Amino acid sequence: MSFRRAISIACGFAGGSAVLVCAAVAADKQGYFGERCRLRETLAAVYAAQPPAWPTVNGWDYNWDKRDPSSIMNGRKKESAGDIGSPDGENNKPKATRYICLIRHSQYNLKGEGDKEKILTPLGREQAEFTGQRLAALGLKYDVLIHSSMTRATETANIISKYLPGVELVSCDLLREGAPIEPVPPVTHWKPEAVQYHEDGARIEAAFRRYIHRADPKQKEDSYEIIVCHANVIRYFVCRALQFPPEGWLRMGLNNGSITWLTIRPSGRVALRSLGDSGFMPPEKLSRT
Ligand SMILES: *[C@@H]1O[C@H](CO)[C@@H](O)[C@H](O)[C@H]1NC(C)=O
């Protein structure tokens, strides 16, 4: 059973969460999902939750990742008062900042048939070297290097990994490229089927919930995570993280091998530090096709 098929089955039974979990567990048993990429939990959470409610024009929802300590406290207090550590809930408050570095894979052979043949071009491999050098030169204490399981993202991550010895490499199916949500305004050159938005949209939203959230209260130190994935996924993540209308994702452009930084404070505040930075690459190495 392919990953896509597993997801379709899961979607088909979205009404019955038990069946959904079974489908995802079956997929999990077949080894599609790595240790750090728990599709079962994330998908179950997506379908159990209300459909995402986009905030109003002027509002900022502090509980956007459902990890706002005050909301969690209130929920638990109702069930078991006094059973949650210190009275002021200090232990339950996140303290660390998460720095998330989103990298668009570098240039690949567009003529390849299917994912396996869509491998990096020689220029694409060079671009990934520049990105790897840049990340190493920044000298941050990276915790993990997660990448989409698609060939072009895996290849890009492997090249970057050479420059970051000792940083764990993790592959994840949730991060694969897709059609996150119908873009507004619509474009004529790109028209996926409605069913594709339906399937990919839920998966990419699941990826967002899995990776983009404030630190866990147990996290003591700030963390730096690298995620190598795809332009549509990154643009959707940026819209969602900033609480901008997600339909606007296609209004942004990202260079191959570029770096997008998100900072998530313990309070739930989010800042976009850079979008598609590729200033570290010599101009002749930027792909313009
Ligand atoms: C990145 O490379 C792909 C081919 O791999 C190409 O279609 C795309 O236009 C490039 N993007 C930019 C911004 O250069």
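As the structure is a prediction and not an experimental result, all values here were calculated from the model. Both ligands and their constituent atoms are indexed starting at 1 by order of listing.
- Checked by distance only, ligand 1 and Ser106 stay at 3.5 Å or farther apart across all their nitrogen or oxygen atoms.
- When non-hydrogen atoms are compared, ligand 1 lies under 4.0 Å from the side chain of Arg104 (C-beta onward) but not from its backbone.
- A salt bridge does not link Asp115 to Lys118: none of the charged nitrogens lies less than 4.0 Å from a carboxylate oxygen.
- In summary, the side chains of Asn256 and Ser287 do present a donor paired with an acceptor at a separation below 3.5 Å, with no hydrogens or angles considered.
- Remark: ligand 1 atoms within the under-4.0 Å shell around heavy atoms of Asn255 are 13 (C).
- Under the 4.5 Å side-chain criterion, counting only non-hydrogen atoms from C-beta, Glu155 is not in contact with His105.
- The cluster map of Ile, Leu, Val, Met, Phe, Trp and Tyr, joined by side-chain heavy atoms under 4.5 Å apart, puts Leu164 and Leu102 in different clusters.
- Note: an N/O pair closer than 3.5 Å links Tyr108 and ligand 1 by distance alone.
- Between the side chains of His230 and Ser148, at least one donor N or O lies within less than 3.5 Å of an accepting N or O.
- Under a 4.0 Å heavy-atom criterion, Leu254 is in contact with ligand 1.
- Proximity of Lys118 to ligand 1 is not established, as no heavy-atom distance is less than 4.0 Å.
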